[in-house]
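Remember, predicted model here, so these are calculated numbers, not experimental data. Basis for what follows: all heavy atoms, side chains included, without hydrogens, waters or symmetry-related copies. All ligand and atom numbering here is 1-based and tracks the order in the structure.
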Amino acid sequence: MNGPDLDELQRFAVEAAGLAPWEWDITTQRVYLSPQWRNLIGEQDAGRDWLMDELLARIHPDDVEGVKIRMEEVLLGFKSRYMAEFRIRSGRGDWLWTEGLGVVTQRDADGTALRMVGTNSDISTRRRAQEALVTARQAAEDSNRAKGDLLANVSHELRTPLNAIIGLNKLLLQSPMNDEQKNFLHLIDSSAVSLLMLLNDVLDFSKIEAGKLLFENVRFDVRRWAQEAVAPHAVAAEKKGLQVKLNIADELPRTLVGDPGRLRQIVSNLMANAVKFTQRGGISVSLRPSPDQDDVGTEKLRLLMEVRDSGIGIPKEKQSAIFEAFTQADASTTRQYGGTGLGLAICAKLVALMGGGISVASEPGKGSAFRVSVVLSQVDDNDGPHTVPMTAEDMPLTGLKILLAEDNAVNELLMRRMLGQMGCDVDVAHDGEEALQMWRQGHYDLALMDVQMPKLSGFDATAHIRKMEQRTGAHLPIVALTAHAMVGDREKCLAAGMDAYVSKPVSAEMLTQAMRDALRTAAATSERPQEMLADVDMSASGKFTLPLPSAAPAAPTSPAARLLARLQTAVAAHDGDGILVSLLELRPLLQAQGLDTALTLAGSLEYAARQERWALLERALPLFMKEAERPNSSS
Ligand code: ADP
């Protein structure tokens with residue numbers, strides 16, 4: 001019996017695969033190219049010995065080094081198989097993409113390679129496909145970027161006039177008019193606001209799609225966060241006669257780390273839907289750690305949030321579609337309830353980005369339960385300052401002296417009115433340069449800075465102020481006002497040294513929130529004061545007072561410590577003379593210890609005390625304390 005003719009089989013396989021074999025005698029540097037090379041590179045001269053250098057000279061200059069390295073790896077025995085993709089000049093003079101594979105078949109006693117055999121094949125089709133893929137991806141990325149830019153611009157163009165409409169309309173609503181007129185204006189307001197919400201949704205959605213969404217990673221107090229997230233919807237629910245319950249599991253830690261703003265967006269969306277689609281009964285929101293924490297590790301926590309309602313419910317067959325963009329369970333929904341069908345799609349994408357998921361259980365006529373899981377980081381509740389432990393609500397804004405940098409006349413009018421209603425005192429600069437000039441001359445408690453201004457942008461003006469402030473250690477709270485609502489704007493503002501951010505159209509609520517945020521961040525620019533601010537008791541009378549015990553030990557021993565404690569008491573009591581006297585006595589001590597920054601700050605405190613600017617004093621005190629208590633000061 002004859003076995004198969006192996007030679008013939010191999011020849012057949014080689015032909016069928018379009019392989020062109022070669023054999024390299026390393027000692028002589030001669031390479032035998034088999035006749036198949038004629039087909040591969042259209043080289044009539046194949047089927048003979050070539051010199052290795054001759055061959056290398058035909059490889060594309062950009063590829064030849066790579067080939068040499070791959071070969072060397074095999075010759076030296078680092079790798080068992082040679083494999084390289086490169087371009088070789090064909091007999092027709094053009095470049096052909098080829099893949100070479102080979103192995104060493106013979107070594108001498110020292111392991112020096114003597115002989116290598118292998119094959120080459122034509123991979124131009126594969127390369128073309130790869131290149132087409134790269135080009136296509138590039139084109140897609142370009143077009144996506146263009147789309148993103150278009151969205152950013154459109155949003156800018158839409159927000160500016162929308163700002164004017166909403167703002168001027170609010171002003172008009174305060175003037176005398178008959179009921180019908182008032183009604184019209186309310187309709188204008190709600191239409192403009194829903195237009196704005198739609199705009200926000202579309203922007204958010206496209207940002208997520210473009211992978212441009214950045215998440216914050218800050219500590220927040222879970223219970224307080226939950227109350228703040230649920231409260232606005234509870235009001236709306238109560239108006240409909242619905243009960244709202246919030247359950248937070250005891251075993252949930254006090255503090256978690258994540259993006260409270262985005263988390264609020266998720267809960268807010270679910271709550272808004274629950275209120276919208278429920279006519280009687282109630283809504284419950286519950287927060288607890290997931291029983292399944294196996295996959296997240298000890299530093300993370302999988303948090304479950306559930307929003308349950310007794311509303312109209314969702315038919316089984318619609319339950320998965322509602323998480324897709326622009327889908328509503330029922331086409332008549334839009335007519336009856338409004339909405340865009342984007343809310344849940346955004347939620348689903350957000351929770352996915354937070355390492356979790358969203359699901360719904362629902363029965364038509366009985367109600368729905370939306371369940372969300374997200375992965376957040378855990379921290380030791382007792383370690384370090386907290387980012388969100390303050391209730392900012394009561395922080396007084398009345399009496400603040402504000403520098404408003406805004407070049408648009410309509411916006412200026414709106415902001416003036418809004419700030420006026422908060423009881424703030426406003427000076428207006430019309431471009432960045434004027435803003436800088438006014439900042440140098442006046443003493444402001446806070447600046448509102450439009451980012452797009454003639455002469456000097458808000459970014460640049462802020463950067464300038466921050467640089468100058470380095471000398472004094474002062475820190476002007478700056479809120480960025482921007483019509484750009486795209487991702488990255490917030491980061492850009494913060495990177496420029498601004499403390500908070502509010503995008504136009506600006507509502508009074510957003511503005512006060514941002515101003516409070518800025519005051520808080522500004523006070524917290526150094527870590528210590530943040531801790532102290534966290535202890536600020538703001539419950540009484542709208543004014544906040546600094547508690548003594550945490551900062552000053554019960555019985556301060558050194559003279560400096562005693563004086564500092566006295567200063568704190570004086571500040572807490574708004575006792576101007578007490579403050580000035582304490583500072584007067586502290587000065588020589590600070591001087592003796594070379595605490596220059598503390599001295600400069602003492603000057604600011606004196607100024608504030610003379611002007612009776614208590615809010616300013618309270619914010620500057622922690623900074624001063626930190627500087628005055630530098631390690632050597634207690635000795
Ligand atoms: P929309 O802006 O239309 O509310 P969503 O994505 O938030 O968009 O919701 C999509 C659809 O899912 C809604 O139109 C509604 O049909 C359904 N839906 C969402 N939440 C509920 C709920 N709590 N009860 C009943 N139906 C709901």
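By the 4.0 Å heavy-atom criterion, Phe370 is counted among the residues contacting ligand 1. In this structure, Gly311 has no heavy atom closer than 4.0 Å to ligand 1. Not a single heavy atom of Asn269 sits less than 4.0 Å from an atom of ligand 1.
Remark: Val235 engages no residue in a side chain to side chain contact (heavy atoms under 4.5 Å, CB included) (not counting sequence neighbours). Listed by chain and residue number, Leu171, Arg417, Gln421 satisfy the side chain to side chain contact (heavy atoms under 4.5 Å, CB included) test with Gln174 (two or more places apart in sequence, or in another chain).
By the neighbour-count criterion of 12 heavy atoms within 6.0 Å, atom NZ of Lys401 is densely surrounded, having more than that number from other residues, nucleotides or ligands. For Glu131, the CD atom is densely surrounded, since the number of other residues' heavy atoms within 6.0 Å is greater than 12.
Both the backbone and the side chain of Leu344 come within contact range of ligand 1, each with a heavy atom under 4.0 Å.
Contact record, Leu494 with Ala500: CD2-N, 4.3 Å, taken as the closest heavy-atom pair.
Every atom of ligand 1 is numbered from 1 in the order shown, and the set under 4.0 Å from a heavy atom of Leu342 is 6 (O), 8 (O). Annotation for ligand 1: atoms under 4.0 Å from non-hydrogen atoms of Lys276 are 1 (P), 4 (O).
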